[in-house]
Amino acid sequence: MTNDAKLSQLWLKKDLDRDKQMIYRRWSVNKSPFGSLQRSPSHIRSSHSTQKKDTSMTTITITRPDDWHVHLRDGDVLADTVRDTGRYMGRAIIMPNLVPPATNLDSAMAYYERIKAVTTTNFEPLMVLYLTDNTTAEDIRAAKASGKVVAAKLYPAGATTNSDSGVTDVNNIYPVLEAMQEVGMLFLVHGEVTDSSIDIFDREAIFIENTLKQVVRDFPKLKIVLEHITTKDAVDFVMSAPDNVAATITAHHLLYNRNHMLAGGIRPHFYCLPILKRNTHQQALLAAAASGSKKFFLGTDSAPHAKDRKEAACGCAGSYTAHAAIELYAEAFESVNALDKLEAFASFNGPDFYGLARNSDTITLVKRSWDVPATYPLGDTGVVPIRAGETIEWQVEN
Ligand SMILES: NC(=O)N[C@@H](CC(=O)O)C(=O)O
Ligand SMILES: [Zn+2]
Ligand SMILES: [Zn+2]
């Protein structure tokens, strides 16, 4: 083939791709009951420019999202994490695994006040109690009555970062779960067994079999969120469970699998718990998120650790995504042609499951590549975010 012929084939392919995109866009505008997908007028687009990506003004406007699982940490890093999450998230479920953890109404409310003190937007933190073997039904009732604490979290003792004072046996908290079911407080679950003889890649699936199925059976009215699911097993379980069972999915588990973490060198910033699984599980998570099922919603599990605590002989578990949460989810949904499902996942399914009102205003995402910094400030240290030194394809308009 001559060079010219090759070139014209290339252009033809580009045009076909563009046609496909236009069809998709039209379909989205017509079919999506939520959100709108628009393109800027053609006269401000350059036609065959190599900058197509930068000048192509595909935009999506969606109801303001919430983050149903985030770690803001405490102390001098709080201003940094709250700034990132509060940039456009309406609300967030604030994980209580501080040192020491927020185990009762007083410590949760003191934490709430520290967050509010550094909040500069309309962002509203939703508080969570950290369950221990010693949590009482009375702790639950008092927390619920405050109106500020909406959930309590099960960390199996030793399962993840700052889980040492977590629950050693789910049967120890049965009276607490009884009270939660009665007063309508959500039960959030880090779903992994802690038995050291169980392979780390199997810990979620075995937790579902050995513990979660039992709790779902014993508490039919308790609202349960299986947090940060990572396996097809979890997707199948949640899909077939009754309506009181739902799950959050992180952006990094939608975008990555264990090859990204382990092939060609070990990349500690992808190390989080539950650990990234093989790509078939990633595909199952993408399918679940893109299915439109109301059972799945946005929970970033953005979990910052200082750079030197991650890049270490024994690095901490947790990945930082709050700098670009909805932007990364947009990439993930776009990768499976499901941008029309992003709004329900990010902005409707969470509040609907929690029994809270949806946000009433909107944010706009623009398809425009930007460079992610190598680090973001985190108190007097820095955190290496997901995609550090690389690009992200979507940007939120200010
Ligand atoms: N996800 C993580 O890998 N880490 C979280 C804890 C958690 O959510 O399990 C953290 O607090 O760092
Ligand atoms: Zn967890
Ligand atoms: Zn978490």
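The analysis underlying the following values was restricted to heavy atoms, covering all of them including side chains, and did not include hydrogens, waters or symmetry mates. Order of listing sets the numbers, starting from 1, for every ligand and every atom in it.
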Strictly below 4.0 Å, N to O, side chains only: are E327 and R87 in salt-bridge contact? yes
Please write down residue, atom name and distance for the protein heavy atom closest to atom 1 (N) of ligand 1. D301 OD2, 2.7 Å
Atoms in ligand 1 with a heavy atom of T161 nearer than 4.0 Å: 4 (N), 10 (C), 11 (O), 12 (O)
Using 2.8 Å as the cut-off, note every protein N, O or S atom close to the Zn ion (ligand 2). H190 ND1, H228 NE2
Can you tell me if N349 uses its side chain to pair, donor with acceptor, with the backbone of F296 under 3.5 Å? yes
Give the atom name of whichever N/O/S atom in H71 sits closest to the Zn ion (ligand 3). NE2
I'd like to know if the side chain of S107 reaches the main chain of A102, judged simply by a donor and an acceptor atom lying under 3.5 Å from each other, with no hydrogens or angles considered. no
Taking CG in D199 as the centre, count heavy atoms belonging to other residues, nucleotides or ligands within less than 6.0 Å. Is the count above 12? yes
Derivation of the ring pair (Phe, Tyr, Trp, His ring centres under 6.0 Å) call for H281 and H253: CA-CA 9 Å; H281 292 293; H253 288 97; over 10 Å; no
Taking 4.0 angstrom as the limit, do E227 and K153 come out as a salt bridge? no
Any heavy-atom pair between the side chains of M239 and D236 that's under 4.5 Å? no
Per the side-chain contact (heavy atoms from CB on, under 4.5 Å) rule, which among V167, T194, V189, V193 passes with P156? T194
Could you tell me which atoms of ligand 1, counted from 1 in the order shown, lie closer than 4.0 angstrom to a heavy atom of H228? 8 (O), 9 (O)
For F353, does the six-membered ring have the charged nitrogen or CZ of K223 within the cation-pi criterion, i.e. under 6.0 angstrom from the centroid and within 45° of the normal? yes
Plane angle bin for Y174 and F219 - parallel if under 30°, tilted between 30 and 60°, otherwise perpendicular: perpendicular
Is any NZ, NE, NH1 or NH2 atom of the basic residue among E182 and K221 found under 4.0 Å from an Asp or Glu carboxylate oxygen of the other? no
Heavy atom under 4.0 Å from ligand 1: found in N97's side chain, backbone, both, or neither? side chain
Residue portion contacting ligand 1 (non-hydrogen atoms closer than 4.0 Å) for M95: neither
For H69, atoms of ligand 1 separated by under 4.0 Å from a heavy atom: 8 (O)
Against heavy atoms of C272, which atoms of ligand 1 measure under 4.0 Å? 3 (O)
Where is the nearest protein heavy atom to atom 4 (N) of ligand 1: which residue, which atom, and how far? A317 O, 3.1 Å
With a 4.0 Å cut-off, would you call R368 and E397 a salt bridge? yes
Do ligand 1 and G318 have nitrogen or oxygen atoms that lie under 3.5 Å from each other? yes
Could you name the option among H71, R73, E227 that has the heavy atom nearest to atom 12 (O) of ligand 1? R73
Atom 6 (C) of ligand 1 has as its nearest protein heavy atom T160 OG1, 3.3 Å
If only side-chain N and O atoms count, and only distance matters, is there a donor-acceptor pair under 3.5 Å linking E192 with Y155? no
Students should be able to answer this: which protein heavy-atom is nearest to atom 3 (O) of ligand 1, and at what distance? L273 N, 2.7 Å
Any idea which atoms of ligand 1 are less than 4.0 Å away from a heavy-atom of H305? 12 (O)
